[in-house]
Amino acid sequence: MISFSPSEEQQMIINTLSEFAVNEMRELYRECDENGGIPAEIIDKAWEFGLIASSIPEKYGGFGSEHSAVTGALVAEELAWGDLSIAMHILCPALVAFPILETGSEEQKRKYLPLFCGEGYKPATAALIEPRFNFDASTLTTTARLDGNEYVLNGEKCYVPLAADADLMLVYASLDGATQGFIVENGVSRLEIGEREKNMGLKALATYELALRDCRIPKENRLGGEAGCDFNRILNYSRVALSAMAVGVARAAYEYSLDYAKQRYAFGEPIAARQAIAFMMAEMAIEIEATRFMTWEAAWELDRGKDATKDTSLVKMYADDMAVTVTDRAVQILGGHGYIRDHPVELWLRNGRGFVTFDGMAIV
Amino acid sequence: MIDFEIPPEIEAARKAAHERAKELFRPIARYYDEHEHENPDELIRTLWENPTIGMGALGGGSAGIGPAAVFLAEESTWGDAGLTLCGPGPGLGGAAVLVSATPEQRERFLKRFSEGEPKWGAMAITEAGCGSDTAAITTTAVRDGDEWVLNGEKIFVTCGKRAAEDSDGFAVVWATVDKSAGRAGIKPFVVEAGTPGMRVAKVEDKLGIRASDTATIVFQDCRIPYDNILGIPEVVDKTKTAGFKRVMATFDVTRPFVAAMALGVGRAALDFVKETFEKEGIEIRYGSPRHKLSAVERDVMDMEANMKAAEMLTLRAAWMMSLMQRNDLQASMAKAKAGLVVTRVTQKAVELLGPLGYSRKNLVEKWMRDCKINDIFEGTGQINMLIVARRILGYTRDDLK
């Protein structure tokens with residue numbers, strides 16, 4: 001039966017993460033954005049919530065809750081409300097863990113999933129995006145070719161979070177025209193990690209370009225083993241994560257501009273008392289809620305094992321636009337102050353603008 | 001638990017409503033658009049006997065007030081919005097009775113809808129000088145012994161002629177008992193069909209939903225029994241606005257369904273566009289990156305996503321209602337979004353289909369005309385945005401005008 005109420009357990013997760021976002025992430029996020037780094041302490045603290053381990057079955061060392069995209073969406077929204085860069089850093093290991101959990105072979109699950117259930121943060125990441133304007137996740141220019149007992153990877157990637165620190169990386173490449181995942185372990189030769197990227201937003205998150213030049217990995221490291229993986233399903237989980245994060249960022253901007261509009265006086269009354277401002281606020285509220293529910297519905301479809309490509313891609317597209325519109329309005333409502341880095345709305349606009357680009361950079 | 005599962009019995013009812021709307025409404029939709037003031041008598045009788053679609057199925061009908069009723073409303077207007085509205089039943093007047101009547105009044109006014117000939121209930125609020133500004137109502141109700149005497153003129157009364165003249169229905173008329181009390185003085189009165197002094201003065205010619213009659217009703221020394229007032233007759237406290245809030249409570253009940261009715265027309269247009277494209281071999285490549293999509297694909301996806309957004313807000317408002325939670329904010333969010341979305345979706349459908357869209361051979365141009373009402377009645381999009389804005393800002397009507 002239709003219901004828009006999170007379960008008690010989900011509500012507890014929301015409350016815990018909301019508190020963490022307010023007390024921990026919001027204390028640091030501006031400094032992180034300015035300095036281009038995130039202190040390890042906050043990442044370690046978040047790791048203690050077991051956000052990834054909780055979805056991993058007990059036989060692989062996890063807590064054994066069912067992997068749920070709906071719960072993941074709730075997590076992603078709360079964390080992104082705190083800060084998008086920190087949220088992506090916290091959830092980065094999931095870029096390897098969840099694709100293995102959902103589409104990996106039994107051997108891969110046994111070998112890799114326990115690594116995400118330990119006490120310390122496991123730096124792991126995925127490389128999907130390629131540095132070209134017409135990037136398309138379904139037709140990658142990075143290629144994989146079977147040569148004896150090895151796959152040979154060639155190509156260039158960008159927007160790979162934490163690539164320099166990760167000792168486990170999932171690289172996506174085109175194998176006979178289909179996108180497939182390849183598990184690349186630390187120390188593999190001919191994988192060149194480039195300079196840290198400088199982007200408009202996500203400044204606190206370390207992302208890198210990388211090059212693969214005849215990079216050889218064992219044959220059994222193809223995600224899903226010989227059968228390969230359903231890449232579309234992985235992408236759908238990612239779309240849910242990014243849509244939920246877009247809602248989180250937009251909500252942050254909305255709440256801040258709402259408070260501002262009520263406190264900022266012009267012509268003897270708060271600017272929020274003028275319809276020009278008030279209607280912008282109303283539209284922001286409506287779009288945020290609508291996007292959140294669409295995200296939940298798409299996530300729910302995924303959880304039921306359906307092909308949610310249509311729903312997840314529609315909501316992702318909608319959320320991409322919504323994040324830009326809402327964060328832009330927030331800057332607009334603050335006027336000149338919105339443009340000044342003393343206020344956070346410009347940061348949210350820079351981060352919000354990125355969702356259309358961030359394919360595959362987060363997963364639930 | 002967050003859940004979007006539609007129980008099989010509701011899904012079955014939805015499919016049945018879809019088929020029935022297709023069978024009953026679609027074949028005659030164009031005819032009653034082109035013959036504006038003709039009565040679809042046969043249809044009315046069919047709907048009266050078996051109101052699984054049309055207004056009779058909604059607003060306190062068998063579908064209840066939750067998401068199930070949203071689906072029925074949507075399927076109904078997918079068939080035709082005008083014909084949906086002219087379906088006999090308690091309608092908006094019935095909704096007002098449900099919200100504020102005593103058990104005795106409910107029995108007296110609503111029983112008729114389960115017996116005899118087809119009947120309608122209508123809601124008469126708007127006047128020439130006031131639309132959404134219902135506090136400016138000038139129609140008066142003056143007590144005279146054990147009667148009320150009503151004087152004034154109401155316009156834009158949906159199903160007004162059918163309720164007040166063509167059947168043994170009634171109109172719920174909003175009038176002031178004390179002009180000096182402003183909103184606090186506004187009370188709803190039930191005026192039964194055939195009451196002397198009530199006269200249908202005009203039936204409007206409209207842009208769309210032409211099968212639905214939209215009447216002007218004049219009250220001239222119209223006498224009704226004292227206990228036809230809904231709620232308390234006294235102006236208890238001029239600073240309190242209980243009467244006005246009851247009007248608003250009626251809208252909280254009806255707005256999610258108006259949003260759903262909007263979605264039905266939008267989906268009719270969207271379905272038609274997609275079917276036409278499919279026949280021509282035009283595929284909508286969901287999941288492709290933006291730079292690979294054609295402008296037309298982007299348009300269709302945009303229409304679909306917006307429809308989904310509005311549908312989610314509508315279901316949420318109806319879901320809250322079924323739990324008896326206050327949903328005024330959520331109902332207005334749904335109504336504002338749905339009204340705007342379907343207006344844009346149907347206009348885009350006319351554009352995308354070129355000569356097929358603009359031609360009266362197809363129903364798309366009609367859907368565009370029909371649809372526009374959803375951004376206007378039951379509070380314009382702007383009024384609903386104002387309600388949303390006040391609620392999220394914690395402002396009163398004086399804080400945010």
Side-chain angles (χ1 to χ4, degrees), chain A residues 1-7 10 70-71 73-74 133-138 232 235-236 239 254 258 261-262 269-270 272-275 277-287 289-294 296-297 299-301 304 309-318 320-322 356 359, chain B residues 1-7 10 66-68 70-71 284-293 298 301-302 304-313 315-320 322-323 329-330 332-334 336-337 340-341 382 384-395 398-401:
Chain A
M1 195 64 207
I2 287 170
S3 167
F4 291 81
S5 278
S7 68
Q10 287 170 334
V70 172
T71 305
L74 301 172
F133 84 93
N134 56 351
F135 166 72
D136 177 354
S138 68
N232 224 17
L235 202 55
N236 289 344
R239 288 173 174 139
Y254 159 75
L258 186 96
K262 289 177 76 172
E269 59 180 4
R274 307 276 175 169
Q275 286 191 355
I277 302 296
F279 276 27
M280 277 200 257
M281 300 295 337
E283 193 191 341
M284 291 155 84
I286 289 170
E287 293 305 324
E289 300 240 306
T291 313
R292 175 186 299 127
F293 300 144
M294 287 167 79
W296 289 0
E297 204 224 12
W300 177 84
E301 297 273 351
R304 296 178 25 111
T309 300
K310 181 179 166 187
D311 282 325
T312 56
S313 61
L314 282 180
V315 66
K316 172 65 167 52
M317 194 176 263
Y318 197 84
D320 292 343
D321 294 342
M322 184 279 297
V356 71
D359 281 320
Chain B
M1 197 184 78
I2 294 164
D3 191 7
F4 297 94
E5 178 79 47
I6 301 168
I10 292 178
V70 164
F71 296 138
I284 308 297
R285 295 167 295 171
Y286 299 103
S288 292
R290 292 182 187 223
H291 56 78
K292 284 210 170 161
L293 299 172
R298 289 276 293 263
M301 287 180 186
D302 189 54
E304 285 195 73
N306 271 286
M307 288 288 295
K308 182 64 109 181
E311 188 185 28
M312 283 292 129
L313 292 172
L315 283 174
R316 196 264 303 255
W319 166 74
M320 285 179 75
S322 69
L323 299 178
L329 168 64
Q330 294 76 13
S332 281
M333 280 184 162
K337 177 72 178 171
L340 186 61
V341 163
Q382 289 64 39
N384 279 290
M385 290 296 272
L386 190 59
I387 292 168
V388 172
R390 281 184 191 144
R391 288 276 276 110
I392 60 174
L393 288 160
Y395 279 176
D398 290 325
D399 296 331
L400 177 61
K401 294 197 170 67

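- Contact count versus chain A (heavy atoms, under 4.5 Å) is highest, among B:Met333, B:Met320, B:Lys401, for B:Met333.
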* Asked: Between B:Leu293 and A:Met317, does a side-chain contact (heavy atoms from CB on, under 4.5 Å) hold up when you go through it step by step?
  -> CA-CA 12 Å; B:Leu293 299 172; A:Met317 194 176 263; 3.6 Å; yes
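- Here the straight-line distance linking atom NZ of B:Lys292 with atom OG of A:Ser138 works out to 5.0 Å at 0.5 Å rounding.
- Of the atoms belonging to B:Tyr395, it is side-chain heavy atoms, and not backbone ones, that fall under 4.5 Å from chain A.
- Here the OH atom belonging to A:Tyr254 is positioned 3.5 Å from the CD1 atom belonging to B:Ile392, to the nearest 0.5 angstrom.
- The CE atom of A:Met294 sits 9.5 Å away from atom CG of B:Leu313, with the distance rounded to the nearest 0.5 Å.
- Expressed to the nearest 0.5 Å, how far CD of A:Gln10 lies from CD1 of B:Ile2 amounts to 5.0 Å.
- Residue A:Arg239 touches chain B through its side chain alone, counting heavy-atom pairs closer than 4.5 Å.
- The aromatic rings of A:Phe133 and B:His291 are tilted relative to each other, their planes meeting at an angle between 30° and 60°.
- Proximity to chain A (any heavy atom under 4.5 Å) is shown, for B:Gln330, by neither the backbone nor the side chain.
- In terms of heavy-atom proximity, A:Ala272 sits nearest to B:Leu400 at O-CD1, 3.7 Å.
- With chain A as the partner, the residue from B:Arg316, B:Arg390, B:Glu304 showing the most heavy-atom pairs under 4.5 Å is B:Arg316.
- The most heavy-atom pairs under 4.5 Å with chain B, out of A:Leu235, A:Thr291, A:Asp320, come from A:Asp320.
- Residue B:Ala336 touches chain A through its side chain alone, counting heavy-atom pairs closer than 4.5 Å.
- Among A:Val70, A:Asp359, A:Leu258, the residue with the largest count of heavy-atom pairs under 4.5 Å with chain B is A:Leu258.
- In this structure, the portions of B:Leu386 lying under 4.5 Å from any heavy atom of chain A include both its backbone and its side chain.
- Closest approach of B:Ala389 and A:Ala282 over heavy atoms only: N-CB, 4.0 Å.
- For chain B, the nearby part of A:Glu287 is the side chain; its heavy atoms alone come within less than 4.5 Å.
- With rounding to the nearest 0.5 angstrom, the CE atom of B:Met312 is 3.5 Å from the CD atom of A:Glu297.
- Put simply, the side chain of B:Met385 reaches to within 4.5 Å of the side chain of A:Ile286, judged on heavy atoms.
- Residues B:Ile10 and A:Ile2 have side chains not in contact (no heavy-atom distance under 4.5 Å, counting atoms from C-beta outward).
- A:Arg304 is listed as a side-chain neighbour of B:Glu5, based on a closest heavy-atom distance under 4.5 Å.
- Note on ring orientation: taking the six-membered ring where Trp is involved, the planes of B:Phe4 and A:Phe4 are perpendicular (angle over 60°, cut-offs 30° and 60°).
- Using a 3.5 Å distance cut-off with no hydrogens or angles, the side chains of A:Asp311 and B:Tyr286 do not pair a donor with an acceptor.
- Interface remark: of the candidates B:Gln382, B:Met1, B:Arg391, B:Met1 forms the most heavy-atom pairs closer than 4.5 Å to chain A.
- Judged by distance alone, with hydrogens and angles left aside, the side-chain atoms of A:Ser3 form no donor-acceptor pair with the main-chain N or O of B:Asp3 at under 3.5 Å.
- Both the backbone and the side chain of B:Asn306 come within contact range of chain A, judged by heavy atoms closer than 4.5 Å.
- Between A:Thr309 and B:Gly287 the shortest heavy-atom distance is CG2-CA, 4.4 Å.
- With a threshold of 4.5 angstrom between heavy atoms, A:Leu74 approaches chain B through side-chain atoms but not through N, CA, C or O.
- Side chain of B:Lys308 to main chain of A:Val315: no donor-acceptor pair is present (N/O by atom type, distance under 3.5 Å, no hydrogens or angles).
- When side chains are defined from C-beta on, A:Tyr318 does not count as touching B:Met301, because their heavy atoms never get closer than 4.5 Å.
- Heavy atoms closer than 4.5 Å to chain A are found in the side chain of B:Ile6, but not in its backbone.
- For A:Trp300, the part lying under 4.5 angstrom from a heavy atom of chain B is the side chain only.
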